[in-house]
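Lettering of chains follows the sequences in order, A, B, ..., and the numbering in each one begins at 1.
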Protein chains: 2
Amino acid sequence: MSPRRHPDSPWPTEAELDILRVLWDRGACTVREVHEALYAHEGAGYTTALKMLQIMHAKGLVERDDSQRAHVYRAAVTRQRAQKRYLADMVQRLFNGSASQMVLHALGSHPPASREELKEIRALLNKIEAGS
Amino acid sequence: MSPRRHPDSPWPTEAELDILRVLWDRGACTVREVHEALYAHEGAGYTTALKMLQIMHAKGLVERDDSQRAHVYRAAVTRQRAQKRYLADMVQRLFNGSASQMVLHALGSHPPASREELKEIRALLNKIEAGS
DNA sequence: ACCTCACAACGAATTGCTTCGTATATTGCG
DNA sequence: CGCAATATACGAAGCAATTCGTTGTGAGGT
C-alpha cells in the first residue's frame, strides 16, 4: 500500500509502520531496543531490524544520532501526521471522500467503549456545529 | 500495506483496490470497461487490466462470468466488508485500538460537510448511548 | 474461405519490500 | 596486547506486485 499514492514524501510500508509504532511508544531507540520490542518474539534477526532502520533513515522516515557507538533512532514523522495521512487516504479510497461515512462505519462497528469517549465526540460535534 | 496482516483471506493491494472501486461503483464489468475507467487515462495498457483481473480472480477477490466471449467480472467482496476490514486494521495499527480516537481525528481533520451528516452522527451516538 | 479485430492466456522484466549472511570496526576486559 | 562481545555496513536472495509483449483463438464481415 504504499509506493503509489503520492510520491510526495514516502509512505511507510507495513514493517516500517511497525517500527514507527515502537519509536512513537517508547521514544528514541537503539537498533537493539527496536529488535527486542518487535522482532525478537517473531524470530527475526537483529540485522533485519538494523537494515530496516537504515532504509528508513535513507528515506527520511527516522532521524539518527550516531554520536554514540550504538546509533539512536527516532521517528521523523509524528504519529499525528501519519494518522492524518492514512485517514485521508482511506476516506478517499474507500469512502468516496466522505469522512462522515467513515465515522458512521467506525462508530457502528466499534462503538466507543466509555462514556468519557462518547462525551468527547459530542463535544467536538458541538464545536463543529457552532463554528460552521 | 497488504500481504502481511492476516493471511486470512487476501488483502487487496493498491491496484486491486482501485479495480474493486470501479466494480463497486459501476457493477459487473468487462476488462475493457475496467481498463477505460481507470487505466486508459493513466496510460497503462489493456493487458495490464486483464492480468490484474485474472490475478484477482485467482485470489478470489472477484468472480467471473466467462459464458460470453468477453468475460464479465464482479467484486467478490462487498464494499462494506472492505471498509470494515481496513478500518479495523487502521484503528489497530495507528490508533492503539481506540476507534474513538480515530473518530475524533477524522472529525477534526475533515469535519462533516453538511448538517445532515452531523445529524446522522448524533443520531448514532444517541442510539449507542441508549443501548449501553 | 479469408482477413481483421477484439479477446484471453501466459511468460517475463522490473521494481520494491523484507530478510538474512558476512565483513568489518569499536569497546571493554583479562 | 589479544579476545569476546556488540556495533554498523553492505550485498544478495526470495518474494510479491505491477506492467508489458507475444501468442493463440474465436467472431464477424467481405
Go through the structure and list residues passing side chain to side chain contact (heavy atoms under 4.5 Å, CB included) with [X], not counting sequence neighbours.
X        : result
B:Ser100 : A:Pro112, A:Glu117, A:Ile121, B:Ser98
A:Ser67  : A:Asp65
B:Lys59  : B:Pro10, B:Thr13, B:Glu16, B:Ile55, B:Leu61
A:His110 : B:Ala88, B:Ala99

Legend entry - Qualifying ring-ring contact (aromatic ring centres under 6.0 Å, His included) pairs with a residue from residues 112-132 of chain B, counting only residues at least two apart or across chains: none
Whole-Å gap separating [atom2] ([N]) and [atom1] ([X]):
X       : N      : atom1 : atom2 : answer
A:Tyr39 : C:dC20 : OH    : C1'   : 12 Å
B:Ile55 : C:dA12 : CD1   : C1'   : 13 Å
A:Trp11 : C:dC17 : CH2   : C1'   : 17 Å
B:Asp18 : D:dA17 : CG    : P     : 15 Å
A:Met52 : D:dT8  : CE    : P     : 15 Å
A:His35 : D:dT8  : NE2   : P     : 12 Å
B:Leu50 : D:dC20 : CG    : C1'   : 12 Å
B:Ile19 : D:dA17 : CD1   : C1'   : 12 Å

Inset, instruction - State yes or no: do A:Tyr39 and A:Val22 share one hydrophobic cluster built from I, L, V, M, F, W and Y residues joined by side-chain heavy-atom distances below 4.5 Å, directly or via other members? - result: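 As far as the 4.5 Å side-chain criterion goes, A:Val22 and A:Tyr39 are connected within one cluster.
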Legend entry - Verify same cluster id: B:Val91, A:Leu94 (apolar side-chain graph, 4.5 Å):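 Result: yes, single cluster for both.
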When you measure from the side-chain N and O atoms of [X] to the phosphate of [N], is any distance below 4.0 Å, counting only OP1 and OP2?
X       : N      : value
A:Thr48 : C:dC20 : yes
B:Gln54 : C:dA9  : yes
A:Thr47 : C:dT22 : no

With sequence neighbours excluded, what pairs up with [X] under the salt bridge (charged side-chain N to carboxylate O under 4.0 Å, His left out) test?
X        : result
A:Arg81  : none
B:Asp66  : none
A:Arg122 : B:Glu129

Legend entry - Members of residues 24-33 of chain B that approach DNA chain C, where some heavy atom sits under 4.0 Å away: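 Heavy-atom cutoff 4.0 Å gives B:Val31, B:Arg32.
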Legend entry - Proximity to DNA chain C (any heavy atom under 4.0 Å), residues of residues 57-72 of chain B only: B:Arg64, B:Arg69, B:Ala70, B:His71
Hey, can you pull the donor-acceptor pairs under 3.5 Å for the side chains in residues 68-75 of chain A, sequence neighbours left out?
residue, atom, partner, partner atom, Å
A:Tyr73, OH, A:Arg64, NH1, 3.4
A:Arg74, NH1, A:Glu63, OE1, 3.4
A:Arg74, NH2, A:Glu63, OE1, 2.4

Inset, instruction - For A:Tyr46, answer base if it contacts any base atom (sugar-phosphate contacts may also be present), sugar-phosphate if it contacts only those atoms, and nothing otherwise; contact means non-hydrogen atoms under 4.0 Å. - result: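 Result for A:Tyr46 = base.
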Inset, instruction - Mind running salt bridge (Lys or Arg N to Asp or Glu O under 4.0 Å) on A:Lys84 and A:Asp89 for me, showing each step along the way? - result: CA-CA 9 Å; A:Lys84 182 170 177 177; A:Asp89 187 63; over 6 Å; no
Close N or O pairs between protein and nucleotides 12-15 of chain D (under 3.5 Å):
none

